[in-house]
Amino acid sequence: PEQFEQAVGSGSGAAAATAVATAPARVGLAQYITAETVAVELTATDRDAAISELVAIAARTGRVNDPAAVVASALAREAFVSTGLGDGIAIPHAKTDAVSEPVVVYARSRAGIDWGSRDGKPASELFLIAVPEQAAGDTHLTILGSLSRKLVNPQWRSELTGAGPDRAYELLSAVQ
């Protein structure tokens, strides 16, 4: 969808869609997400605080060398165009060498957070993707592509939304 193309974009929406469509073969999220990066409930009530909280969760893995730099990178990306995709989903992302290895965080906000989504709905399902600069192309697009393929499946999304931390981790680590 157009919203996804714009949120992913590193250029035009069409270029981003083409990049996602031609991303390398599917690689499972299991290597990027851990049980400790699945935090079912965020305490943040606004976008910037949510990004900070997501980065703090990512930092627990030891893959984040400079949390402030990751937050700054994600916020700079948000200033370009919102990563609020609509339908309650936001996928903030950061491409920075303040990350030593790619990491994915999943969390939800029961109240929802205004993410500036085109549909005007608050984001309740949040995914942070943080990758080193050298992984910014293929790895970043592979993760986005894998997530987007699953998130368009209403049954899978419903199961994820209702899952506790262990089940959410199972579902996400099985994503190809």
Peer 1: I'd like to check the side chain to side chain contact (heavy atoms under 4.5 Å, CB included) partners of E41; sequence neighbours left out, ordered by chain and number.
Peer 2: R108, R110
Peer 1: Quick one: does Q134's side chain get under 4.5 Å of D97's, heavy atoms only?
Peer 2: yes
Peer 1: Just to verify, what does A49 make a side chain to side chain contact (heavy atoms under 4.5 Å, CB included) with, not counting sequence neighbours?
Peer 2: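 For A49 the side chain to side chain contact (heavy atoms under 4.5 Å, CB included) partners, ignoring immediate neighbours, are A44, D46.
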Peer 1: Hey, could you give me the CG/CG distance between L151 and L160, rounded to the nearest 0.5 Å?
Peer 2: 7.5 Å
Peer 1: Just wondering, do I89 and R157 contact through their side chains at under 4.5 Å, heavy atoms?
Peer 2: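 Of all side-chain heavy-atom pairs linking I89 with R157, at least one is under 4.5 Å.
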Peer 1: Could you tell me whether a side-chain N or O of T37 sits under 3.5 Å from a main-chain N or O of V104, the two making a donor and an acceptor?
Peer 2: yes
Peer 1: Where the side chain of H93 meets the backbone of I91, is there a donor-acceptor pair that is under 3.5 Å apart?
Peer 2: yes
Peer 1: What I'd like to find out is whether the side chain of I129 reaches to under 4.5 Å of the side chain of L144, using heavy atoms alone.
Peer 2: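 Yes; the side chains approach each other to less than 4.5 Å.
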Peer 1: Checking E36 now: which residues fulfil salt bridge (charged side-chain N to carboxylate O under 4.0 Å, His left out) with it, not counting sequence neighbours?
Peer 2: none
Peer 1: Regarding E78 and T83, is there a side-chain donor-to-acceptor distance under 3.5 Å anywhere?
Peer 2: yes
Peer 1: Just wondering, do I113 and L126 contact through their side chains at under 4.5 Å, heavy atoms?
Peer 2: yes
Peer 1: Give me each pair satisfying side-chain hydrogen bond (donor to acceptor under 3.5 Å, both in side chains) with a member in residues 51-66, each pair once, sequence neighbours excluded.
Peer 2: T43-E53
Peer 1: Could you note down all residue pairs passing ring pair (Phe, Tyr, Trp, His ring centres under 6.0 Å) where residues 113-133 supplies at least one of them, sequence neighbours left out?
Peer 2: Y106-F127
Peer 1: Which residues satisfy the side chain to side chain contact (heavy atoms under 4.5 Å, CB included) test with D114, sequence neighbours excluded?
Peer 2: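 For D114, no residue satisfies side chain to side chain contact (heavy atoms under 4.5 Å, CB included) once neighbours in sequence are set aside.
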